[in-house]
Amino acid sequence: MSVIFTENLSKRYKGGTLALKNLNLEVRESEVFGFIGPNGSGKSTTIHLLLNFIRPSGGSAQLFGEPVIGARHRKRLGYVPETISLHTYHNGRGLLNFYGQLSGLKSLRLKRRIEEVLQFVGLQNDAKRRVSKYSKGMLQRLGLAQALLHDPELLIFDEPTSNMDPVGRREFRELVLDLKKQGRTVFISSHILSELGAVCDRVAIMQSGELKRLEDLRTWNDVDDSSLEKLFFDTIEQERTDQASSHQSESSDQ
Amino acid sequence: MNSLLFITGDYLRTLMHRRFLLAFLISMFIITLLFYFIIEQFVDDPQIRPQLFIALAIFYAFSSFIGTIAAIYVGASAISGEISRGTIAMLLCRPVVRWQFLLGKLVGALIVMLGYSLIMGGVMVFYCFVHDLDMLPVMRFAPWLTFCQFLMMCSLALALSTVMHPAVAGVLTFFSDLSWVFELFVRDGPFYYVSYVLPSYGPFNAWMDFLGTSSIYSWGDLSLLTLYAFDVALILVLLAMLRLRYKEVT
């Protein structure tokens, strides 16, 4: 079953910038999917389209077989944005309580889950502190806790480790492996390749709003950080060479 | 429905966090004290006693003015505040429909404004009672009329803030009573009737009626004005919902 499905998904912003061009993507159940590309390649735009924060200019997107415009399927997904902006006047526990209520968790289960996720992200001792007093790293952890709170089947991470220290990064990698073991679907957008090679089943390489390559890492004999990096740079270089040669042929035609 | 209530509760909490409610209550308290001292100065003078309604009207006008500013603020910042802080993403990635989000915010804003209108009415009744003043008929309706005015302004500020900068939305809302333009410049001819469909808060300014020229006589008048206010608010909220449905929130 496909958890994420897009068909010719495109997005042109008001200024005329084409941020995403005919993206055809399928992410299957229990898969860890890496969505990589340089800055401005359309990764965050894709995630915002999947979450219905912005409207597509063309094509369609589905989550769990339903159009993204509905709200029901969002009970089944957790989202960690690149920049975590939380309602800072709550304390840690109060914030999770609020988000849990919005996610439809009932009182007893909610209380239990709050304690579980607080312990999981290591914030149980800071749960009574106001969120505005949290450090960047703690906010990142709290952002992770709110995404895991309602036990979602799909987790969407947008540049999850961009503000993390090396320890945080390693912990994040362990978390993804743990989620993988539990059979969750994980969609990670990142430009930090070292964190993806070890955890992803498949990766998609984006550049200039286009899907350039889709690779199944499970078919590789040996996946390490450098092999994914090589794949990425080969793809980018290939694209640049193609573009340069097409420019050259255009100018020679003229 | 539950999501709507959670968002309402959270908005009230936001306003408290911004010390908004506190500042609001302190302003009210200062006005009440000033009003108390004005009344105390004149209440024993039998010649001035009939003029006390002027003091009452001034109190009510001041309170209404503060209330209007507050209504515009809570309306204009309800949605735009979440967008500018980026916290809207954390709400809309959950099973919350955008209209629930908008209505939750509006209900939170209206709870605050209803409370404020009731306090205004309470203070007015208290002073009339303490100083043995006969209440005018319009005073029975004053808090509700004031709330109706807040409802319209809050809805307008909310609707405008979905299409423009909240500060601009606030200023436009403040000057949105346009009926006077037609009353002043186009007193005759077919264009005069345009004033009937323009936003008008004049009849809701109950304090004007404290000065003896009451235009509100019965519950029937009140019902018609209530209908007008809720009609205006409904149209504005529906427009805001439509706009928010297609609004890009990143």
K.L.:
Rounded to the nearest 0.5 Å, how far does CD of B:Q100 lie from CG of A:L102?
P.N.:
9.0 Å

K.L.:
Could you report the tightest heavy-atom contact between B:F6 and A:F98, atom names first, then the distance?
P.N.:
O-CE1, 3.6 Å

K.L.:
Tell me whether the count of non-hydrogen atoms from other residues, nucleotides or ligands lying under 6.0 Å of CZ in A:R72 goes above 12.
P.N.:
no

K.L.:
Go through B:I88, B:V97, B:L91, B:I7 and name the one with the most non-hydrogen pairs under 4.5 angstrom from chain A.
P.N.:
B:L91

K.L.:
Which region of A:I69, side chain (C-beta onward) or backbone (N, CA, C, O), has a non-hydrogen atom less than 4.5 Å from a non-hydrogen atom of chain B, or is it both or neither?
P.N.:
side chain

K.L.:
Keeping A:R74 on the side-chain end and B:P95 on the backbone end, is there a donor-acceptor pair under 3.5 Å?
P.N.:
no

K.L.:
With a 4.5 angstrom heavy-atom cut-off, could you sort out which part of A:Y99 is near chain B: side chain, backbone, both or neither?
P.N.:
both

K.L.:
So for B:R98, is it side chain, backbone, both, or neither that comes closer than 4.5 Å to the heavy atoms of chain A?
P.N.:
side chain

K.L.:
For atom CZ of B:F65, is the number of surrounding heavy atoms from other residues, nucleotides or ligands below 6.0 Å larger than 12?
P.N.:
no

K.L.:
Which atoms of A:H73 are under 4.5 Å from chain B, going by heavy atoms: the side chain, the backbone, both sets, or neither?
P.N.:
neither

K.L.:
Show the nearest heavy-atom pair for residues B:C93 and A:L51, with the distance to one decimal.
P.N.:
CB-CD2, 4.4 Å

K.L.:
Hey, what do you get for CG (A:L149) to CZ (B:R94), rounding to the nearest 0.5 Å?
P.N.:
7.5 Å

K.L.:
Chain B: which of A:R55, A:H48, A:K75 shares the most heavy-atom pairs with it under 4.5 Å?
P.N.:
A:R55

K.L.:
Should A:Q101 and B:N2 count as side-chain neighbours, where that means a heavy-atom distance under 4.5 Å?
P.N.:
no

K.L.:
Would you indicate whether the side-chain heavy atoms of A:Y89 and B:D10 approach each other to under 4.5 Å?
P.N.:
yes

K.L.:
Closest heavy-atom contact between B:A89 and A:Y79?
P.N.:
CB-CE2, 4.4 Å

K.L.:
Between B:T87 (side chain only) and A:H87 (backbone N and O only), is there a donor and an acceptor less than 3.5 Å apart?
P.N.:
no

K.L.:
For A:K180, is the NZ atom crowded, meaning more than 12 foreign heavy atoms sit under 6.0 Å from it?
P.N.:
yes

K.L.:
To the nearest 0.5 Å, what is the distance between NZ (A:K11) and CD (B:E248)?
P.N.:
3.5 Å

